[in-house]
Protein chains: 4
Amino acid sequence: MSTGQLEQAVGWRRHNERVTTTSTNSGRPKANEGGGGTRRRGKGSPALASERREHLVKLAAELFAEKGFQATTVRNIAEEAGILSGSLYHHFDSKESIVDEILSGFFTEIMSAYQGVIDQGMSPRDTIAGLVRLAFGTLEPHRAAITVMQNDWNYLKGMDRFAYLTKSEDEVEKMWVDTIKAGQKDGSFREDIDPKLTYRMIRDTVWVAVRWFKPGGRLNSKGLAEHYLKVMFDGINTH
Amino acid sequence: MSTGQLEQAVGWRRHNERVTTTSTNSGRPKANEGGGGTRRRGKGSPALASERREHLVKLAAELFAEKGFQATTVRNIAEEAGILSGSLYHHFDSKESIVDEILSGFFTEIMSAYQGVIDQGMSPRDTIAGLVRLAFGTLEPHRAAITVMQNDWNYLKGMDRFAYLTKSEDEVEKMWVDTIKAGQKDGSFREDIDPKLTYRMIRDTVWVAVRWFKPGGRLNSKGLAEHYLKVMFDGINTH
Amino acid sequence: MSTGQLEQAVGWRRHNERVTTTSTNSGRPKANEGGGGTRRRGKGSPALASERREHLVKLAAELFAEKGFQATTVRNIAEEAGILSGSLYHHFDSKESIVDEILSGFFTEIMSAYQGVIDQGMSPRDTIAGLVRLAFGTLEPHRAAITVMQNDWNYLKGMDRFAYLTKSEDEVEKMWVDTIKAGQKDGSFREDIDPKLTYRMIRDTVWVAVRWFKPGGRLNSKGLAEHYLKVMFDGINTH
Amino acid sequence: MSTGQLEQAVGWRRHNERVTTTSTNSGRPKANEGGGGTRRRGKGSPALASERREHLVKLAAELFAEKGFQATTVRNIAEEAGILSGSLYHHFDSKESIVDEILSGFFTEIMSAYQGVIDQGMSPRDTIAGLVRLAFGTLEPHRAAITVMQNDWNYLKGMDRFAYLTKSEDEVEKMWVDTIKAGQKDGSFREDIDPKLTYRMIRDTVWVAVRWFKPGGRLNSKGLAEHYLKVMFDGINTH
DNA sequence: GATGAATGAGGTTTCATTCAT
DNA sequence: TATGAATGAAACCTCATTCAT
C-alpha cells in the first residue's frame with residue numbers, strides 16, 4: 001500500500017496494522033459474535049483482515065473518487081470486482097461501511113503522521129514545512145481517500161457514523177494552529193496573520209489540489225510542496 | 001438578489017437580464033410554447049414571467065448547497081416551496097435544469113465581472129488584487145451556487161449538458177494566468193513561480209473558503225480578501 | 001366497512017372517523033409538511049383520508065391474513081391492487097405503516113366498544129356476556145385484522161412502532177379482570193377461579209376462533225358466542 | 001429432553017426412538033448416504049449419530065419460537081451454535097428440514113400420548129380430563145415446538161412438505177370429538193354443546209396459553225390444567 | 001465437520017418523471 | 001398552475017443455499 005513516501009517522511013510507522021479505532025464501527029460483518037471461542041485461526045498468524053477485503057476497499061475507493069460516493073452504486077463496485085452485488089455483503093455491512101473504512105484508515109494514518117512531525121521538536125517554521133510536505137506527500141498514495149473526503153465530506157458529515165470526521169478535523173486544526181502561533185511567538189511568522197484562517201487556507205490548498213493533481217504530470221507532489229512552501233513563506237511578490 | 005457588492009466593485013451589470021446562453025439548455029419547460037393566447041406579458045411589462053420561478057431556483061440552490069445535488073430530492077424542493085413534486089415540472093424540465101440555471105447564472109456573472117476588472121487596464125499586481133477581491137466578494141451573494149460548484153462539480157462535469165462548466169473554467173484560467181505572466185514580465189511577481197499552479201492555488205483557496213465562511217462571523221468577506229492578499233503577496237514569514 | 005354488527009351491539013360510534021391516535025405514527029407519508037398553509041381542501045369536506053388508501057389497506061389486510069405479514073410482499077399487495085410496487089409508496093411510508101393502520105384501527109375500535117359495554121353499568125355477569133358477544137361480533141367484520149393480530153403479534157410486538165399493541169392489551173385486560181373480580185364480589189362468579197387466568201382463556205378462545213371460523217358456515221358468530229357463553233358460565237358437565 | 005412429566009403422566013413411551021415416519025422427509029442430508037465405511041455405530045452403540053444434531057435442533061427451536069420461523073435466519077441459528085451458516089448444511093438439508101424435525105417430533109409424541117390416554121379405557125369424563133392434563137403437561141417440555149406450531153402454522157401448512165400437519169390435526173380432532181360424543185351419550189356432558197366446537201375451544205385454549213405461560217410463575221402447568229378443568233366442567237358461575 | 005467466498009433470486013424502498021383532472 | 005396517482009428503473013440489502021478447500 002505504497003505509503004512508503006509517507007513513512008519515510010516521518011519514520012514512525014512500523015507495520016501495516018490497520019487501526020480503525022477512530023471509527024466507531026469498523027464495518028466488519030458481525031458474523032461470529034456469539035462465537036463459541038473454540039475458533040482456531042492458524043498458528044500465530046495475526047488476523048490479517050483478509051486481503052480480499054482490502055482489495056475490495058481499494059476498488060471501491062477508486063470508484064468513489066471518480067464518481068462520488070452517492071453516484072457509485074454497490075453494483076458498480078461488485079462489477080469492478082467481478083462478483084455480484086449481494087456478494088459484497090459477505091465482506092461489508094453496507095456501502096457506508098466501505099467508505100468508513102476508507103476514510104477512517106486515512107484519518108488515523110494522517111493524524112499519526114502529523115503527530116510524528118510535531119514530536120520531532122523542530123522549529124515552528126520547519127514543523128510547518130514538514131507538515132506541508134507530509135500533506136502533499138499523501139496526495140499520491142491516498143489520492144482516492146482524499147478525493148472522497150473533499151467531494152463527499154458535506155454529505156457524510158451529516159451522518160452519526162461519521163461524527164469522527166469532524167472530531168478528527170478539529171484535532172488536526174489544533175496541531176497546525178498551535179504551531180503557527182508558536183511561530184508568531186518566536187518571531188518566525190508575521191504577527192498580522194490570523195492563525196486559524198491561515199491554517200484553513202493551507203489545508204484547503206493542499207487537499208483541493210487532489211482534484212487536478214496527476215501523478216506523473218509536470219510536477220510531482222514533492223515539486224508541488226516546494227512550490228507551495230515558497231509562495232506560502234515569502235509570497236509571490238518580488239522584494 | 002444582493003449582488004450589490006459585486007456590482008459595485010465592478011460596475012458593469014446594468015439590468016437583471018438573465019443570460020443563459022452559455023447553457024445549451026435554458027431549462028425552460030417546453031410545456032407552454034404554443035401558448036394559448038391568454039398569456040399576458042403585454043408590451044410594457046418587462047416583469048419576468050416568473051418571480052415564482054426565480055424563487056424556486058433560490059430555494060433549490062439552498063438545498064443543493066446544504067445537502068448536495070444528488071441527495072436533494074425533487075420532493076425536498078417542492079416541499080420547501082409548499083407544493084407537490086409534480087408541480088415543479090410546470091416550471092422546470094428536470095432537476096438538472098434547476099442546477100443548470102443556478103450554475104450558468106453564476107458563471108456568466110462571474111466571468112463578466114472578471115472581464116470587467118481586466119478591462120480596467122490596471123497593473124498586473126492591481127489586477128490580480130482586483131480579481132481576488134472580486135472572487136471573495138462573491139462568497140456571500142453567491143454562497144449557494146459556489147457551494148454547489150465546489151461539491152458537485154465532479155459529478156456534474158461528466159454530463160454533456162454541463163460541458164460549459166469546463167469550458168468556462170478554462171476561459172477563466174486564461175484570464176488569471178495571463179495576468180500573472182504579465183506580472184512576471186513587468187517584474188512585479190517572482191520568476192520562479194508557476195503561473196498555472198499559482199492560479200489554481202489562489203482559485204481553490206478562495207472557493208473552498210465557502211465551506212467554512214459564515215457571513216456575520218469574525219471576518220467578513222472583505223477582511224478575508226485583504227488577509228489573503230497579504231499572505232499571497234508577501235508570505236507568512238517575517239522579513 | 002361492515003362494522004354494523006359491532007355498532008349495533010353497542011350503539012356508541014356515530015361516524016366512520018378513523019382514529020389513529022393510539023398509533024404514534026399513522027403512516028401517512030410526510031409529503032407536505034413544510035406546507036405553506038395555503039393548501040385549500042375543498043368546501044367543507046372533512047378530510048376523507050382517501051378512499052383509494054382505504055381500499056389498499058383492505059387489500060393488504062386480506063393478504064396479510066392469508067399469508068402472514070412477512071410472507072406477504074409489497075409486490076403482492078401492489079399486484080392485487082393492479083399497480084406497481086413503487087406506487088404503493090405514494091400512499092404509505094412503508095409496509096409497516098400498512099399493518100400499523102390495520103391494527104391500530106382495530107384496536108381503537110375494539111377498545112372503545114369494550115368501554116361502551118362497561119359504561120352501560122350492567123351487572124358483572126351481563127357485562128361479561130356483553131363483552132364476549134362483542135368480541136365474537138368482531139370476528140366477521142374484522143376477520144383480517146384479528147388474524148394478523150393472532151399470527152404476527154409475536155413478530156410485531158418487538159418493534160418500537162408497535163409498542164402500543166402491548167399497551168392496549170394491558171388496558172383491555174384491566175377492563176375484563178376488573179369485571180370478573182366484581183362478579184366474584186357480588187357472588188355471581190366462583191371465588192376459586194383466577195380472574196387473570198380466566199380472562200386470558202376467554203380472550204384466547206375468542207380470538208383464536210378466527211383461525212377456523214368461516215362466515216356462512218354452520219354457526220354464525222352470534223351462535224358461536226351463545227355456545228361459548230353457555231360453556232363458560234355453566235361448564236360442559238350435566239348437573 | 002425433559003419429557004419426563006409427559007411420560008410419567010401416561011407411561012407409554014419406552015425408548016428414545018425418533019419417529020419421523022409421519023414426515024415425508026426426515027430432513028437428513030443425503031450427503032452421507034453411501035457411507036464410506038469408517039462410519040462407526042457398531043452393534044452395541046445405540047448412541048445417536050449426532051447429539052450435535054439434536055443440539056442444533058434445540059437451538060433452532062428456541063429461535064423459531066422467539067422470533068418466528070421466517071424472521072429467524074439460518075445465520076441466526078449458526079451464530080447461536082458458534083459456526084458459520086454454511087456449516088449448518090452438513091447437518092440439515094434446509095431451513096425447512098429443521099422446523100420439520102421440530103414439529104414432526106412433537107406431533108408424533110403428542111399423538112402417541114393421546115392414544116395412550118384413550119387406550120386406558122377410562123370414562124369419557126376422565127379421559128377428557130386426562131387429555132387436558134396431558135396437553136397442559138406438554139407446555140413446558142415442548143414450549144418451543146408449541147410456540148412454533150401456534151405462530152407459524154398458517155405459513156407452514158401451505159407447503160406440501162407439511163401436509164402431515166393438517167392430517168395429524170384431523171386425527172387428533174377425531175380422538176377428542178369421539179370422546180366428547182361418548183360423554184354426551186353416557187350422560188356426563190350436556191347434550192346442547194357442539195362436540196367439534198367444544199373440542200376446538202379446548203384445544204385453542206390450551207395451546208395458546210404457551211404465549212403467556214412462564215414456567216416458574218405463579219401457576220405451574222399442573223395448576224393451569226386443574227384450573228381449566230374446573231371452569232370447563234362446571235363453568236364460572238356459582239350455582 | 002467446518003470455513004469462506006460466492007450465487008441468485010427476491011425483498012423493500014427511493015425517486016425523477018408523467019399525465020389526466 | 002397545481003394535485004394526486006402512477007410509472008419504471010434502479011437502488012441498497014437480505015438470505016437460503018452451494019461448493020471448493
Side-chain angles (χ1 to χ4, degrees), chain A residues 29 31-32 38-42 50 52-53 56 70-78 81-96, chain B residues 29 31-32 50 52-53 70-78 81-98, chain C residues 29 31-32 38-42 50 52-53 56 70-78 81-96, chain D residues 29 31-32 50 52-53 70-78 81-98:
Chain A
N32 46 326
T38 29
R39 185 68 64 6
R40 59 217 151 32
R41 170 114 64 159
S50 166
R52 186 89 181 99
R53 184 189 174 82
L56 293 172
Q70 294 167 90
T72 303
T73 70
V74 167
R75 269 213 261 278
N76 289 156
I77 303 172
I83 56 178
L84 292 182
S85 72
S87 306
L88 268 184
Y89 289 79
H90 179 63
H91 303 276
F92 306 96
D93 259 15
S94 65
K95 193 183 165 190
E96 279 172 29
Chain B
N32 45 340
S50 43
R52 182 100 181 96
R53 183 190 173 82
Q70 294 167 89
T72 303
T73 70
V74 168
R75 265 225 262 282
N76 289 155
I77 303 171
I83 58 179
L84 291 185
S85 67
S87 308
L88 266 184
Y89 287 79
H90 285 287
H91 302 276
F92 306 97
D93 254 16
S94 66
K95 194 184 166 190
E96 279 172 28
S97 291
I98 307 179
Chain C
N32 44 325
T38 29
R39 185 68 63 8
R40 57 211 153 36
R41 171 110 67 156
S50 167
R52 185 89 182 100
R53 183 189 173 83
L56 293 171
Q70 294 167 90
T72 302
T73 71
V74 166
R75 272 207 260 277
N76 288 154
I77 304 172
I83 57 179
L84 292 182
S85 74
S87 306
L88 266 184
Y89 288 78
H90 179 63
H91 303 276
F92 306 96
D93 260 12
S94 65
K95 194 183 165 190
E96 279 173 28
Chain D
N32 46 339
S50 41
R52 183 102 180 93
R53 182 190 175 81
Q70 295 167 88
T72 302
T73 70
V74 168
R75 264 225 261 283
N76 289 155
I77 303 171
I83 59 179
L84 291 184
S85 66
S87 307
L88 266 184
Y89 287 79
H90 285 287
H91 302 277
F92 306 96
D93 254 16
S94 66
K95 193 183 166 191
E96 279 172 27
S97 292
I98 306 179

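The structure displayed is predicted, hence computed values, not measured ones. Every chain is numbered from 1, with letters handed out A, B, ... down the list of sequences.
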Of T73(B) and T73(C), the one whose closest nucleotide on DNA chain E sits nearer the 5' end is T73(C)

Considering all heavy atoms, the nearest Y89(A)-S94(A) contact:
CE2-CA, 3.8 Å

Rounded off to whole Å, could you give me the CD1-to-P distance for the I77(A) and dA11(F) pair?
12 Å

Rounding to a whole Å, what distance do you find between F92(B):CZ and dT1(F):P?
12 Å

Find every protein N or O atom lying less than 3.5 Å from an N or O atom of nucleotides 18-21 of chain F, and list the pairs.
none

Partners passing side-chain contact (heavy atoms from CB on, under 4.5 Å) against S85(C) (at least two apart in sequence or in another chain)
V74(C), R75(C), A78(C)

Between dT14(E) atom C1' and N76(B) atom CG, what is the distance in whole Å?
12 Å

Let me confirm one number: the CD1-OG1 distance from I77(C) to T72(C), rounded to the nearest 0.5 Å.
6.5 Å

By the 4.0 Å heavy-atom rule, please label L84(A) as base, sugar-phosphate, or nothing.
base

Less than 4.0 angstrom between a side-chain N/O of H91(A) and OP1 or OP2 of dG4(E), yes or no?
no

Separation of I98(D) atom CD1 from dA16(F) atom C1', in whole Å?
11 Å

Any side-chain heavy-atom pair from L56(A) and L88(A) closer than 4.5 angstrom?
yes

Tell me every residue that passes side-chain hydrogen bond (donor to acceptor under 3.5 Å, both in side chains) with S87(C), counting only those two or more places apart in sequence or in another chain.
none

By nearest heavy atom, map V74(C) and E96(B) onto DNA chain E; which one lands nearer the 5' end?
V74(C)

d(CD1, I83(A); C1', dC12(F)) in whole Å:
15 Å

Nucleotide pairing, DNA chain E (Watson-Crick or G-U, distances under 3.5 Å), in dot-bracket with [ ] and |
.||||||||||||||||||||

Would you say dA11(F) has OP1 or OP2 under 4.0 Å from some side-chain N or O of R75(A)?
yes

For H91(A) and R52(A) the tightest heavy-atom approach is CE1-CG, 3.6 Å

By nearest heavy atom, map L88(C) and T72(D) onto DNA chain F; which one lands nearer the 5' end?
L88(C)

If you look at every heavy atom in K95(B) and Q70(B), which pair is closest and at what distance?
NZ-O, 3.6 Å

Could you give the CD-to-C1' distance, from Q70(B) to dA10(F), as a whole number of Å?
14 Å

